[in-house]
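Ligands are counted one by one from 1 in listed order, and the atoms in each one are counted from 1 as well. Heavy atoms only: backbone and side chains are in, while hydrogens, waters and symmetry mates are out.
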Amino acid sequence: MTEKEKCTLCPRNCSVDRNQNAGYCGELSTVRVTRAAPHFWEEPCISGNLGSGTVFFSGCNLRCVFCQNKSISLSKFGKEADIDSLAQLFIDLSKTGVHNINLVTPSHFTSQIAKAIEKAKLLGLDLPFVWNSSGYEKANALKSLDGLIDVYLPDFKYKSPYLSKRYSNAADYFDVATEAVDEMLKQVGKAVFKDGLMKKGVIVRHLVLPGCAEDSKAILRHLAKRYGDRIYISIMNQYTPIDHDLPDSLSRRTTEEEYISVLDYASMLGIRKGFIQEGDTAKESFIPAFDYTGLENLK
Ligand code: SF4
């Protein structure tokens with residue numbers, strides 16, 4: 001096996017030949033997708049009025065115990081797409097009128113997706129591409145996306161190695177995600193908007209987990225100190241315990257008190273560029289149906 005065939009794309013460093021075996025992400029080298037359709041529940045500058053063109057990929061290299069999309073993150077299904085058909089999928093999706101092409105959980109297919117974006121652009125696709133990731137990805141891998149991705153939309157899940165190990169089996173999450181966001185910001189710079197839509201920039205998402213408000217505050221301190229107003233921060237409260245086998249600490253929703261205490265802290269830190277969630281957002285109905293919508297042209 002050559003070095004090239006040993007996958008070390010992400011921090012899991014599985015060193016498997018993905019032509020033969022799946023690694024921690026659960027996926028072989030051929031891209032698999034589960035849904036391609038307009039989505040209206042992203043931040044307003046991403047969804048706009050016409051929706052964000054989400055493409056959901058099978059598998060995930062992080063696999064949080066509380067994942068809201070387990071049916072796809074655990075690689076239970078997906079339709080295969082080679083580079084040409086993935087590029088065509090982006091083009092077909094653009095024809096529905098969406099504002100951008102939003103690549104959801106793409107990190108374990110970085111090189112294939114980069115080639116498909118290049119191809120789609122050559123064929124005339126002229127929409128912004130959004131990289132919607134867990135943040136658990138190598139800065140080096142992200143370098144191959146320089147000039148191809150317009151908006152980075154990474155999660156920033158944990159400060160505490162204890163929590164990141166316990167809930168995502170990734171004690172190094174904080175350092176990895178910090179280097180990833182550094183690289184993202186280096187590539188796209190400060191945000192650019194047109195008609196209320198983000199055309200370029202970084203939005204870091206943070207989901208407040210039950211019992212973890214102090215960790216949320218530590219993350220906000222870190223983001224504010226390191227990036228100031230060069231990034232947007234989206235503070236989310238939509239955590240939903242949808243599994244029966246979750247640890248006790250994750251078996252309830254985040255309380256309003258917890259969420260407000262984090263928002264107050266963000267305000268105290270002077271964070272003004274960002275998004276919050278209002279109302280009853282913690283509902284399973286915000287989780288789209290992974291029923292191959294938009295994939296009719298794939299085998
Ligand atoms: S992309 Fe998948 S196979 Fe490659 S190192 Fe990461 S988890 Fe392992």
Side-chain angles (χ1 to χ4, degrees), residues 1-35 54-83 85-87 89-90 102-118 129-146 148-149 152-158 161 163-184 187 205 290:
M1 191 189 300
T2 65
E3 277 307 308
K4 204 176 165 204
E5 287 166 336
K6 291 180 182 175
C7 186
T8 53
L9 176 66
C10 87
R12 299 291 184 194
N13 289 319
C14 303
S15 287
V16 293
D17 175 3
R18 286 176 64 190
N19 294 310
Q20 308 289 336
N21 297 303
Y24 196 96
C25 58
E27 292 296 308
L28 297 165
S29 55
T30 304
V31 170
R32 291 197 308 153
V33 284
T34 59
R35 180 183 171 90
T54 44
V55 180
F56 289 86
F57 294 93
S58 305
C60 178
N61 69 329
L62 193 54
R63 298 188 168 213
C64 308
V65 295
F66 55 85
C67 179
Q68 317 274 289
N69 295 339
K70 265 190 182 161
S71 60
I72 57 170
S73 67
L74 295 182
S75 297
K76 289 188 177 149
F77 63 101
K79 277 193 175 186
E80 291 189 351
D82 61 17
I83 306 298
S85 48
L86 188 56
L89 185 76
F90 297 157
N102 183 343
L103 309 162
V104 186
T105 320
S107 309
H108 50 295
F109 292 126
T110 299
S111 54
Q112 300 92 321
I113 292 172
K115 286 181 193 147
I117 296 174
E118 278 172 358
F129 277 88
V130 180
W131 189 258
N132 186 338
S133 73
S134 68
Y136 194 59
E137 49 205 334
K138 287 181 180 174
N140 253 343
L142 290 167
K143 285 186 199 304
S144 65
L145 299 168
D146 197 358
L148 298 175
I149 297 297
Y152 279 104
L153 188 57
D155 292 338
F156 206 111
K157 293 175 185 287
Y158 316 98
L163 288 176
S164 62
K165 172 74 182 158
R166 185 171 184 212
Y167 294 156
S168 297
N169 190 28
D172 58 351
Y173 180 90
F174 173 77
D175 291 333
V176 168
T178 298
E179 279 184 31
V181 175
D182 286 356
E183 173 62 27
M184 293 170 182
Q187 287 182 22
R205 281 176 166 169
F290 298 115

Return yes if some donor-acceptor pair links the side-chain N/O of Ser58 with the main-chain N/O of Phe77 below 3.5 Å, else return no. yes

The single option from Leu148, Asn102, Leu145 that satisfies side chain to side chain contact (heavy atoms under 4.5 Å, CB included) with Trp131 is Leu145

Taking the inter-plane angle between the rings of Tyr167 and Tyr158 on a 0 to 90° scale, is it parallel (under 30°), tilted (30 to 60°) or perpendicular (over 60°)? tilted

Would you name the heavy atoms of Pro154 and Gly135 that are closest together and state the gap between them? CB-CA, 4.3 Å

Distance below 2.8 Å from atom 8 (Fe) of ligand 1: how many protein N/O/S atoms qualify? 1

With distance as the sole test, does Lys138 use its side chain to make a donor-acceptor pair with the main-chain N or O of Thr8 at under 3.5 Å? yes

For Gln187, what residues pass the side-chain hydrogen bond (donor to acceptor under 3.5 Å, both in side chains) criterion, not counting sequence neighbours? Tyr152, Glu183

